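Quick caveat, the model's predicted, so the values are computed rather than measured. Hydrogens, waters and symmetry mates play no part in the numbers below; they use all other heavy atoms, side chains included.
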Amino acid sequence: MTSREPVDIAAIRAAVANPNGPYARVDYTAFTGSTNADLVAAGHQNAPAWTAAVTEYQNSGRGRHGRVWTAPKGSQVTLSILIRPTAESIERLGTMPLVSGLAIIDALTATAARHPDATDKPTPQLKWPNDVLIDGRKLCGILAEAVSLGPEPAVVIGLGLNVSITTEELPVPHATSLDLEAPGIEIDRAQLTADVLLALHHRINQWVDADPQLMADYRAVCSSIGADVKVLLPGDEELLGTVRDVADDGRLVVVDKQGSEHVLAAGDVTHLRLQ
């Protein structure tokens, strides 16, 4: 089982923060309510772009729709970052959550590459928009929150990546952790934290620059494309169909049983397993 000892924050800072890395600073706490809330407050106090907050445990973490997202102390990579994108990139805000999920895939790929002899390396994929899954089980939750969307935009992106959570500790039956999926690999949480931070920096910069390769990379790891799905839409309407694509603006393209195409900006997607 991966150690739940506190991460080596000095090693993380050496890997990602000035003068050697792209982050302005990395704040660290043993305990907090929410790293997202901490950085939203810091953003209002003019904290610089590429400020990160890392914690061992938070008791008020939230996912989409206000869902509670908690885990035992030291069992996750739990962090948030503050970005200050251009006003032009805010017009593409719909793709930012997708990009964040793609960065987690990058970090997990880097972790697997450090263990070339491991025989049980999992293959993570993304369920639209940014749920990181292994064999249909959720590994990571991501939540973006706006500090400001005015002339000088600022956004906080937070995540909790399950590392050593056991079966008994899973918050829901469809969750999982790296230890459960790859028991032969002992994760260095400090290294993984640094990998996540650097991957987020790379992918968010691609997003700001409107790099056309970004959505192609996303589609390559999106398991929703081609899947039969049930989508719970705003207003509690349900849509059954097959995902044809993810559009360049991040919207989900679903074709229903009658052949009609629906382009969705929001909705809870469930992949339907064929019996």
| query | Hey, mind stepping through E169 and R4 against salt bridge (charged side-chain N to carboxylate O under 4.0 Å, His left out) and telling me if it holds? | reply | CA-CA 14 Å; E169 293 170 334; R4 293 186 179 178; 2.6 Å; yes
| request: Decide yes or no on side chain to side chain contact (heavy atoms under 4.5 Å, CB included) for V163 and L192, but give the supporting numbers first. | output: CA-CA 10 Å; V163 176; L192 181 56; 4.0 Å; yes
| Could you state the interatomic distance from CG (L159) to SG (C140), rounded to the nearest 0.5 Å? | 5.0 Å
| query | In Å and rounded to the nearest 0.5 Å, what is the OG to CG distance from S75 to L178? | reply | 11.0 Å
| Can you tell me how far the CE atom of M215 sits from the CD atom of Q206, to the nearest 0.5 Å? | 12.0 Å
| Backbone N or O of P183 within a donor-acceptor pair of the D179 side chain at under 3.5 Å? | no
| query | Cut-off 3.5 Å, side chains only: do S80 and N36 have a donor facing an acceptor? | reply | yes
| said: With clusters defined by side-chain heavy atoms of hydrophobic residues (ILVMFWY) lying less than 4.5 Å apart, directly or transitively, does V132 cluster with L170? | reply: no
| request: Might you work through the side chain to side chain contact (heavy atoms under 4.5 Å, CB included) test for V254 and W128, ending with a clear yes or no? | output: CA-CA 12 Å; V254 179; W128 184 89; over 6 Å; no
| request: Would you mind reporting whether W50 and N205 have side-chain heavy atoms less than 4.5 Å apart? | output: yes
| Distance-only, no hydrogens or angles: does the E181 side chain make a donor-acceptor pair with backbone N or O of I134 under 3.5 Å? | no
| request: For K73, look at atom NZ and say whether over 12 heavy atoms of other residues, nucleotides or ligands are found less than 6.0 Å away. | output: no
| query | Short question: side chain of D120, backbone of G184 - any donor-acceptor pair under 3.5 Å? | reply | yes
| Short question: side chain of N162, backbone of I165 - any donor-acceptor pair under 3.5 Å? | no
| message | Using only atom types and a distance under 3.5 Å, with no angle test, would you say the side chain of D268 pairs donor to acceptor with the backbone of L232? | response | no
| note | Result for side-chain hydrogen bond (donor to acceptor under 3.5 Å, both in side chains) between T32 and one of D38, D27, T55 points to D38
| Quick one: does V243's side chain get under 4.5 Å of L252's, heavy atoms only? | yes
| said: So, taking the atom named CZ in R13 and the one named OH in Y28, what distance separates them when rounded to the nearest 0.5 Å? | reply: 9.5 Å
| With Q191, which of D188, T193, D195 fulfils side-chain hydrogen bond (donor to acceptor under 3.5 Å, both in side chains)? | D195
| field | Cationic N near anionic O, under 4.0 Å, R251 to E261 | value | no
| message | Check for me, please, whether V253 and V221 land in the same ILVMFWY cluster - side-chain distances under 4.5 Å, paths through other members count. | response | no
Under 3.5 Å, sequence neighbours excluded: what are the donor-acceptor pairs made by side chains of residues 103-111?
| residue | atom | partner | partner atom | Å |
| --- | --- | --- | --- | --- |
| D106 | OD1 | R203 | NH2 | 3.2 |
| D106 | OD2 | R203 | NE | 2.6 |
| D106 | OD2 | R203 | NH2 | 3.3 |
| T109 | OG1 | I105 | O | 2.8 |
| T111 | OG1 | A107 | O | 3.2 |

| said: With a 4.5 Å cut-off on side-chain heavy-atom distances among I, L, V, M, F, W and Y, is there a chain of contacts connecting L180 to L139? | reply: no
| message | Whether the side chain of E56 engages the backbone of V7 through a donor-acceptor N/O pair (distance < 3.5 Å, no angle test) should be reported. | response | yes
| query | Where the side chain of K257 meets the backbone of L240, is there a donor-acceptor pair that is under 3.5 Å apart? | reply | no
| said: When you compare the side chain of Y57 with that of T29, does any pair of heavy atoms fall below 4.5 Å? | reply: no
| Lys/Arg N to Asp/Glu carboxylate O, R189 vs E5, below 4.0 Å | no
| task | Indicate yes or no: at least one non-hydrogen side-chain atom of L133 is less than 4.5 angstrom from one of L126. | result | no
| message | If I compare all heavy atoms of A190 with all of I12, which pair ends up nearest, and what's the gap? | response | O-CG1, 3.6 Å
| said: Using every non-hydrogen atom in the two residues, find where A87 and P153 come nearest and quote the distance to one decimal. | reply: CA-CG, 3.9 Å
| Joint cluster assignment, L93 & I83, ILVMFWY side-chain distance < 4.5 Å | yes
| request: Please examine the side chains of I204 and V99, heavy atoms only from C-beta on, and report whether any two atoms are closer than 4.5 Å. | output: yes
| message | Assess whether a salt bridge exists between R219 and D217, defined as any Lys/Arg side-chain N lying under 4.0 Å from an Asp/Glu carboxylate O. | response | no
| request: Over all heavy atoms of both residues, which pair between C222 and V246 is shortest? Give the atoms and the distance, please. | output: SG-CG2, 4.2 Å
| Shortest non-hydrogen separation from T95 to G250 and the atoms involved | CG2-N, 3.5 Å
| task | State whether the side chain of R84 and the backbone N or O of G43 hold a donor-acceptor pair below 3.5 Å, judged by distance alone. | result | yes
| Audit row: L239, H262, side chain to side chain contact (heavy atoms under 4.5 Å, CB included) steps and yes/no | CA-CA 9 Å; L239 171 64; H262 305 258; 3.8 Å; yes
| Under 4.5 Å between any side-chain heavy atoms of I81 and T51, yes or no? | no
| To the nearest 0.5 Å, what is the distance between OH (Y218) and CG (N130)? | 7.0 Å
| D228-T242 side chain donor-acceptor pair, cut-off 3.5 Å | yes
| task | Flag the pair M96 / I157 as yes when at least one side-chain heavy-atom distance between them is below 4.5 Å, and no otherwise. | result | yes
| message | Using modelled atom types and a 3.5 Å cut-off, is there a donor and acceptor pairing between side-chain atoms of S89 and backbone atoms of V208? | response | no
| said: For a quick test of reading the model, state the closest non-hydrogen atom pair linking H271 to S223 and the distance between them. | reply: CE1-OG, 3.4 Å
| query | Partners of E91 by side-chain hydrogen bond (donor to acceptor under 3.5 Å, both in side chains), sequence neighbours excluded? | reply | none
| Reported NZ-to-NE2 distance for the pair K138 and H174, which is rounded to 0.5 angstrom | 6.5 Å
| said: Using modelled atom types and a 3.5 Å cut-off, is there a donor and acceptor pairing between side-chain atoms of D209 and backbone atoms of D211? | reply: no
| Apart from V40 itself, what residues make up its hydrophobic cluster when side-chain heavy atoms of I, L, V, M, F, W and Y under 4.5 Å apart count as a link, directly or indirectly? | L39, L82, V147, V156
| task | Quick one: closest heavy-atom pair of V26 and A17, and the distance? | result | CG2-CB, 4.3 Å
| said: Quick check: do V54 and T35 have side-chain heavy atoms less than 4.5 Å from each other? | reply: no
| Linking I/L/V/M/F/W/Y whenever any side-chain heavy atoms sit under 4.5 Å apart, do I90 and L98 land together? | yes
| field | Step-by-step salt bridge (charged side-chain N to carboxylate O under 4.0 Å, His left out) determination, D248 to R92 | value | CA-CA 10 Å; D248 285 343; R92 303 187 301 278; over 6 Å; no
